[in-house]
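Below, each value reflects all heavy atoms present in this structure, side chains not excepted, and no hydrogens, waters or symmetry copies.
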Amino acid sequence: MTKAMLTPASSTKSCNVHKAFQPHRRPVRVLAHRCASAEQGPSDKTVAGSALKTLTALLAAGAVLLPHASMAVSGGGGLGTPHNYEDLSNKDLRKNAYTKAELRQTNFSGSDLSGVSLFGALAKGANFKGATLRATDLESCDLEDADFTNAVLEGAQVTRAGMKNIKITGSDWTDVALRKDAQRALCAIASGTNPKTGVDTRESLMCPGS
């Protein structure tokens, strides 16, 4: 009888040949089991372990690449950042943002906030004495009890801003768009002249009789 010649090949082909020519039944079962394992590839546990390692590595990389909130520019953390009671006076804050920030009794006196967003910020009792707020976004901002004495608000946006009990002596409201009811409320308490621009507060608000 002619004997079959086995040549080196892949593990799968070799196993198939062995299955065909094994003379004993028991070794065939063992070899068949090993061949099936080789054909199936890595086990589910091995694949799951590799995936977990990859995910862990990605999360670690993200933790390194993503900036932490504490790394934000001092005094300008942005969306929702709390700055309650902080002293941010006499600073150039034009590159910062305070959108929806917490600014209770924050001191901005003498600072330049030109073009800065304070949209939706909670700024009850904030101090804006002598501050420059040209084209500053104060829309939907809670400014109750805020002090704008001698502040320049030229071109600021104040739509839907809460301005109950604010102080505006000597402030300049030139080119600020106001609702009629807000204008009447401000004109009722307006007085003085802005020391920086020389503009009369009542005139800047276009108050009747000014």
Side-chain angles (χ1 to χ4, degrees), residues 69 72-210:
V73 177
S74 176
L79 186 64
T81 305
H83 293 288
N84 299 318
Y85 313 107
E86 286 188 19
D87 184 2
L88 301 176
S89 60
N90 302 305
K91 297 180 183 294
D92 185 350
L93 303 174
R94 289 175 294 176
K95 293 183 179 180
N96 294 349
Y98 302 96
T99 302
K100 296 185 179 180
E102 296 181 22
L103 305 171
R104 294 180 184 87
Q105 298 184 37
T106 303
N107 184 6
F108 290 107
S109 62
S111 291
D112 191 349
L113 291 152
S114 297
V116 173
S117 173
L118 281 81
F119 177 88
L122 178 58
K124 286 186 176 182
N127 183 357
F128 295 99
K129 283 184 180 179
T132 302
L133 298 109
R134 286 189 172 93
T136 299
D137 185 358
L138 297 168
E139 287 192 15
S140 302
C141 187
D142 187 349
L143 300 169
E144 183 177 350
D145 297 322
D147 191 344
F148 289 95
T149 300
N150 296 331
V152 178
L153 295 100
E154 184 178 348
Q157 304 165 48
V158 297
T159 305
R160 296 184 299 279
M163 296 184 284
K164 184 179 179 181
N165 298 327
I166 66 172
K167 299 177 179 67
I168 63 170
T169 300
S171 55
D172 184 351
W173 295 74
T174 300
D175 296 329
V176 175
L178 293 164
R179 300 191 313 268
K180 289 296 182 182
D181 58 332
Q183 181 190 31
R184 286 193 297 270
L186 293 177
C187 285
I189 59 173
S191 63
T193 300
N194 187 270
K196 292 181 181 179
T197 63
V199 174
D200 181 273
T201 300
R202 290 183 59 82
E203 288 183 1
S204 69
L205 288 166
M206 301 179 69
C207 298
S210 59

**OP:** Examine distances only and state if a side-chain atom of Lys129 and a backbone atom of Asn107 form a donor-acceptor pair shorter than 3.5 Å.
**Re:** no
Subject >> Heavy-atom closest contact (Asn90 atom, Ser111 atom, distance) >> reply: N-OG, 2.9 Å
Subject >> Interatomic spacing from CD in Glu144 to CG in Leu122 - rounded to 0.5 Å >> reply: 9.5 Å
Original post:
Shortest non-hydrogen contact from Leu103 to Asn84?
Top reply: N-OD1, 3.4 Å
**OP:** For the residue pair Phe148 and Phe128, categorise the inter-ring angle as parallel (less than 30°), tilted (30 to 60°) or perpendicular (more than 60°).
**Re:** parallel
Original post:
About how many Å separate SG of Cys141 and CZ of Phe119, when rounded to the nearest 0.5 Å?
Top reply: 10.0 Å
Subject >> Atom pair NZ/OG1 of Lys100 and Thr81 - distance to nearest 0.5 Å >> reply: 13.0 Å
Original post:
Please walk me through it: do His83 and Asn96 pass side-chain contact (heavy atoms from CB on, under 4.5 Å)?
Top reply: CA-CA 12 Å; His83 293 288; Asn96 294 349; over 6 Å; no
**OP:** Return the set of residues passing salt bridge (charged side-chain N to carboxylate O under 4.0 Å, His left out) with Asp92 (not counting sequence neighbours), or none when no residue passes.
**Re:** Arg94
Original post:
Has Lys196 got more than 12 heavy atoms of other residues, nucleotides or ligands less than 6.0 Å from its NZ?
Top reply: yes
Original post:
What closest approach, in Å, do Leu93 and Phe108 show between heavy atoms, and which atom pair accounts for it?
Top reply: CD1-CD2, 3.7 Å
Original post:
Which distance, rounded to the nearest 0.5 Å, do you find between the CG of Leu113 and the CG of Leu133?
Top reply: 5.0 Å
Original post:
Between atom OG1 of Thr106 and atom OH of Tyr98, what is the distance when rounded to the nearest 0.5 Å?
Top reply: 8.5 Å
Original post:
Where the side chain of Thr201 meets the backbone of Gly170, is there a donor-acceptor pair that is under 3.5 Å apart?
Top reply: yes
Original post:
Are Ile166 and Leu186 side-chain neighbours, meaning at least one heavy-atom pair lies under 4.5 Å?
Top reply: yes
Original post:
Tell me, do Leu205 and Ile168 make a side-chain contact under 4.5 Å, heavy atoms counted?
Top reply: yes
Original post:
At their closest point, which heavy atom of Met206 faces which heavy atom of Gln183, and how far apart are they?
Top reply: O-NE2, 3.1 Å
**OP:** Apply salt bridge (charged side-chain N to carboxylate O under 4.0 Å, His left out) to Arg202 and list each qualifying residue two or more places apart in sequence or on a separate chain.
**Re:** none
Original post:
Is the backbone N or O of Asp172 less than 3.5 Å from a side-chain atom of Ser204, with the two atoms forming a donor-acceptor pair by type?
Top reply: no
Side-chain polar contacts of residues 149-156 - donor-acceptor pairs under 3.5 angstrom, sequence neighbours left out - could you list them?
from: Thr149; atom 1: OG1; to: Asp147; atom 2: OD1; distance (Å): 2.5
from: Glu154; atom 1: OE1; to: Arg134; atom 2: NE; distance (Å): 3.3

Original post:
Just by distance, do the side chain of Asp142 and the backbone of Lys124 share a donor-acceptor pair under 3.5 Å?
Top reply: no
